[in-house]
Amino acid sequence: MSYDDQNIFAKILRAEIPSTRIYEDDDTLCFMDIFPRADGHCLVIPKTPCRNLLDASPAQMTAVMATAQKVANAAMAALQADGITVQQFNEGPGGQEVFHLHVHILPRWSGVSLRPAGQPGDMARIGDIADKLRAALS
Ligand code: 5GP
């Protein structure tokens, strides 16, 4: 399996399509998922190409997980979350739909289930939540 630089997250990285960015450093970018399964659902990706965990370098994994930890702690504080679910899928049969490594950060609240995948979020609400996450990350 080879990396296709026309995947949607590669286009987001190159700013060819819009995204709601909440954090970036030299090695990673975090932006809001537009089909959020929970309030604050966001995605952490490396800035360099790899499909998923199976072909990522240790340096890419380290950078992505360090940012995932940072964003998860920010979400706990900014959104008063009770917990965080971290998801990461590999290849189609493993549940992956976009073939640029990404980690899902899903804030969780007691008694609140994840919403089904694929439901478009309210972009105004996503923007408001992104503002809170950015403030906690700054
Ligand atoms: P996967 O199943 O590959 O782990 O998940 C891909 C994720 O990307 C899904 O949660 C989906 O909602 C999200 N997604 C798909 N297309 C877009 C897009 O154009 N922009 C953003 N921000 N997220 C997307």
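Nothing here was measured: the structure is a model prediction, and the numbers come from that model. Order of listing sets the numbers, starting from 1, for every ligand and every atom in it.
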**Request:** Keeping to residues at least two apart or across chains, list the side-chain hydrogen bond (donor to acceptor under 3.5 Å, both in side chains) pairs with something in residues 119-128.
**Result:** Asp39-Arg125
**Request:** Report the residue from Gln88, Gln87, His41, Arg37 that forms a side-chain hydrogen bond (donor to acceptor under 3.5 Å, both in side chains) with His104.
**Result:** His41
Which atom pairs, nitrogen or oxygen on both sides, join ligand 1 and the protein at under 3.5 angstrom?
| from | atom 1 | to | atom 2 | distance (Å) |
| --- | --- | --- | --- | --- |
| ligand 1 | 2 (O) | Gly95 | O | 2.9 |
| ligand 1 | 2 (O) | Glu97 | N | 3.4 |
| ligand 1 | 3 (O) | Glu97 | N | 2.6 |
| ligand 1 | 3 (O) | Val98 | N | 2.9 |
| ligand 1 | 3 (O) | His102 | NE2 | 3.0 |
| ligand 1 | 4 (O) | His102 | NE2 | 2.6 |
| ligand 1 | 4 (O) | His104 | NE2 | 2.7 |
| ligand 1 | 5 (O) | His102 | NE2 | 3.3 |
| ligand 1 | 5 (O) | His104 | NE2 | 3.4 |
| ligand 1 | 10 (O) | Asp33 | OD2 | 2.5 |
| ligand 1 | 12 (O) | Asp33 | OD1 | 2.6 |
| ligand 1 | 12 (O) | Asp33 | OD2 | 3.3 |
| ligand 1 | 22 (N) | Met32 | O | 2.9 |

**Item:** Those residues that, when tested against Lys11, pass side-chain hydrogen bond (donor to acceptor under 3.5 Å, both in side chains) (two or more places apart)
**Value:** none
**Asked** Linking Ile, Leu, Val, Met, Phe, Trp and Tyr through side-chain heavy atoms less than 4.5 Å apart, which residues share a cluster with Leu43?
**Response** Ile8, Phe9, Ile12, Leu13, Ile17, Leu29, Phe31, Ile45, Val98
**Request:** To the nearest 0.5 Å, tell me how far Met123 CE sits from Ile126 CD1.
**Result:** 4.5 Å
**Request:** Using distance alone, with no hydrogens and no angle criterion, decide if Asn52 and Gln96 have a side-chain donor and acceptor under 3.5 Å apart.
**Result:** yes
